[in-house]
Amino acid sequence: MHCSMSVIVALVKKLWCIKRYIVLIATPLILLPILFTLPPKEGKCLYVVLLMAFYWCTEALPLAVTAMLPIVLFPFLGILPSSKVCPQYFLDTNFLFLSGLLMAAAIEEWNLHRRIALKVLILVGVQPARLILGMMMTTAFLSMWLSNTASTAMMLPIANAILKSLFGEKFCEERGITSNEESSANLQENGLHLVPTEAQLLTANEVKELPEKSDFSIEVHPDVTKEREYQNRIWKAFLISIPYSASIGGTATLTGTAPNLILLGQLKSFFPDCDVVNFGSWFVFAFPLMVIFLVLGWLWISILHGAISLSCKRKEKSVIRTDAEAKARDVIREDYRKLGPTNFAEKAVFFFFCLFAILLFTRDPKFIPGWSSAFTPGFTSDAVTGITIAIILFFFPAEKPSLKWWFDLKAPNTENRALLSWKKAQDTVPWNIILLLGGGFAMAKGCEASGLSTWIGGRLHPLEGVPPAVAVLLVTILIASFTEFASNTATIIVFLPVLSELAIRLKVNPLYLMIPGTVGCSYAFMLPVSTPPNSIAFSTGHLLVKDMAKTGLLMNLMGVLLLSLAMNTWASSIFQLGTFPDWVHLPSSNITGLAAGIQNATMGG
């Protein structure tokens, strides 16, 4: 009996070792009936979509490799020729994303992000609640322009340094907190340059073993115990606030996170005449939402973890805490002083960063003519703006040009260094995300060409009676729940075609459902595997799953409600959500039914 059990256990272990190959082989076989039960072209496309969705959720293949499956499967199955599939991987949306990544690389190269972070922390003060607010503001701002993962990785070493000054070396050693340099190196290796998958990030840093507890007990003064508990809660607040604010901040700009760009790309695929969503209009909608959510999130994290007390009694601050805050202030100022005076390269990068943002905002702001009106209509896009600035970074000198050099024949003839080198770009840009974006656009093109989108729309008629406001709420809850367990990029790629068809069935503007679905993808706060920033924070070893779940549950709920409020208030006027748009070209079979539905709705009103 014992022998047979050992054999079973050994077999189970061997099967677990080859689970990836089991998933890779079994999934296509399980999905085969779809090819025979649906109309030929729609069935083949749905087969590819579900296969990719399953591989993305299980990570049986790397996400970027799964994203390349349409290049192989669409031509072989007769859905789309390769000449139409391959260009989807380098649309102008991909180049807009690339330009944002190159700008982020230049900011990182010259340490501008660290100067901004330390300056903000000096301004907000060193009380724990203010420091948490300063960390959240800085991380959210960086995440608007950099990737969420990079922003988190950049801010955690700064948080470590502040923590050590606040609570002392001994507390940090007990918690297994590494030095600033070690933490920075680990984060750079695991989360900054190459953006790994959620599972890789979760297992990248092993939790450090805590010192063994001795057998004898030592009496500790109650005040010391209370102070230790307070310090522990504040550190958790620090650690949780950084990835949460990175996820929130990424929603404020089109280049802030991949799902926003996937929305833009799929809109161009499904609705080529839609020009409502651009960098400026998205910012006007998403920035106020980000600010409100960031402030409410800060209040919730600070109250939950004791940084803000709701007690009416004013407690006198202990001498230990006062000294710790003074040390923290000194550490922040010393770190800022070590950066030295702002050099020419930093000023140049900051100038081009501001120019990058201003040109994107003013290209086509809708309420007034933008600078693009000076050129042939339709010829310029946000990608043109972004790549123009990115190219300048590769040749603009990092040192101030001097006229004396031309007249001084003895001056050294050394080549000027540019603000950004191609080697730095190669090392920093997560090329896998660009392929992932392309896979999403290829999938959208296949859904459109095969008629799968229309077929899905025909199966959504039971939902036609759902009030649009309720639909927004349900869509956001569904996607925010789904993305807790799956990649947010993969989630939105799968859901956007369904949401566009559902909106048409509900006789509302497709953006009314597609925008909350996209933003809701970034509202994943409850689990370490939900997003790479969550995984980075969790991998430091100081957070438990229950800490994230307890804090993240209300964060998810707040996000869903705020997003629903935004869609039914200021977003309605920005994106003209109150009318059914002209840029939606319906199949002839749907026009009659839709017209009748709109007429009935009008007569009923």
Side-chain angles (χ1 to χ4, degrees), residues 90-117 119 138 141-151 153-154 188 192-195 249-250 252-258 260-261 264 278-280 283 339-363 370-372 375 380-402 405 414-435 437:
F90 281 95
L91 296 175
D92 61 343
T93 307
N94 297 70
F95 282 98
L96 173 60
F97 184 58
L98 178 62
S99 67
L101 294 172
L102 293 172
M103 176 57 70
I107 290 171
E108 182 196 336
E109 174 73 6
W110 297 103
N111 241 0
L112 187 59
H113 63 284
R114 188 172 181 82
R115 186 179 293 277
I116 292 169
K119 190 65 179 176
T138 310
F141 174 76
L142 291 174
S143 190
M144 288 166 59
W145 313 101
L146 285 64
S147 75
N148 299 352
T149 309
S151 304
M154 287 173 178
Q188 187 175 10
L192 180 56
H193 288 165
L194 297 175
V195 181
T253 61
L254 272 179
T255 56
T257 187
N260 297 357
L261 288 163
L264 184 63
N278 59 34
F279 196 95
F283 186 83
L339 292 174
T342 310
N343 59 33
F344 177 78
E346 285 180 84
K347 291 176 182 176
V349 169
F350 184 72
F351 169 77
F352 285 118
F353 169 72
C354 293
L355 186 63
F356 175 78
I358 291 167
L359 289 176
L360 286 173
F361 288 136
T362 57
R363 183 184 69 82
W371 59 262
S372 63
F375 300 92
T380 58
S381 67
D382 288 336
V384 175
T385 308
I387 293 296
T388 302
I389 301 298
I391 289 172
I392 293 172
L393 295 174
F394 284 102
F395 66 79
F396 196 87
E399 294 179 6
K400 191 175 182 180
S402 173
W405 180 81
T414 54
E415 188 177 352
N416 268 339
R417 182 185 174 190
L419 292 175
L420 184 62
S421 67
W422 183 247
K423 187 179 184 307
K424 176 67 177 178
Q426 275 186 309
D427 293 341
T428 307
V429 172
W431 303 101
N432 55 338
I433 301 296
I434 293 174
L435 285 175
L437 288 174

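These values consider heavy atoms only, across backbone and side chains, with no hydrogens, waters or symmetry-generated copies. Quantities reported herein were computed from a predicted structural model and do not represent experimental measurements.
Residues M103 and L393 meet the side-chain proximity criterion, which asks for heavy atoms closer than 4.5 Å. Side-chain contact between T385 and F279 is absent, with no heavy-atom pair separated by less than 4.5 Å. Within the 4.5 Å cutoff, no side-chain heavy atoms of T428 are placed close to those of L101.
Taking each heavy atom of W110 and A418 in turn, the nearest pair found is CZ2-O, 4.2 Å. Closest heavy-atom contact between M144 and A252: CG-CB, 3.8 Å. For the pair S147 and A150, the tightest heavy-atom approach, listed with the atom from each and the gap, is OG-N, 3.0 Å. Nearest heavy atoms, T380 versus V384: CA-CG2, 4.2 Å. Shown here for S143 and G250, the closest heavy-atom pair between the two residues is OG-N, 3.4 Å. Scanning both residues, A348 and F396, for their nearest heavy atoms gives CB-CE2, 3.9 Å.
Applying the side-chain contact (heavy atoms from CB on, under 4.5 Å) rule to L98 yields the partners F95, L102, V429, W431, I434; only residues at least two apart in sequence or on another chain are considered. In this structure, K400 has no salt bridge (Lys or Arg N to Asp or Glu O under 4.0 Å) partners at least two apart in sequence or on a different chain. The side-chain contact (heavy atoms from CB on, under 4.5 Å) test applied to T93 returns L261, L264, K268, F441, not counting sequence neighbours. With sequence neighbours excluded, the residues forming a side-chain contact (heavy atoms from CB on, under 4.5 Å) with T257 are N148, P259, N260, N488, S522, listed by chain and number. Residues that satisfy the ring-ring contact (aromatic ring centres under 6.0 Å, His included) test with F283, not counting sequence neighbours, are F287, F361. For E346, the salt bridge (Lys or Arg N to Asp or Glu O under 4.0 Å) partners two or more places apart in sequence, or in a different chain, are R115.
Taking CG from L339 and NZ from K119, the interatomic distance works out to 11.5 Å, rounded to the nearest 0.5 Å. How far OG1 of T255 is from CG of D382: 9.0 Å, rounded to the nearest 0.5 Å. Distance check, rounded to the nearest 0.5 Å: NE2 of H113 to CD of E108 gives 6.0 Å. For the atom pair N278 CG and L254 CG, the distance stands at 7.5 Å (nearest 0.5 Å). Remark: I387 CD1 to I392 CD1 distance equals 11.5 Å, nearest 0.5 Å. Atom CG of L112 sits about 9.5 Å away from atom CG of N343, to the nearest 0.5 Å.
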Quiz item: Under the side-chain contact (heavy atoms from CB on, under 4.5 Å) criterion, do F352 and L419 qualify, and how do the steps go?
Solution: CA-CA 10 Å; F352 285 118; L419 292 175; 3.9 Å; yes
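In this structure, F344 places its CZ atom where more than 12 heavy-atom neighbours from other residues, nucleotides or ligands lie under 6.0 Å away.
Between W145 and F353, the ring-plane angle classifies as perpendicular under the 30° and 60° cut-offs.
Side-chain N or O atoms of N94 include one that pairs as donor or acceptor with a backbone N or O of L91 at under 3.5 Å.
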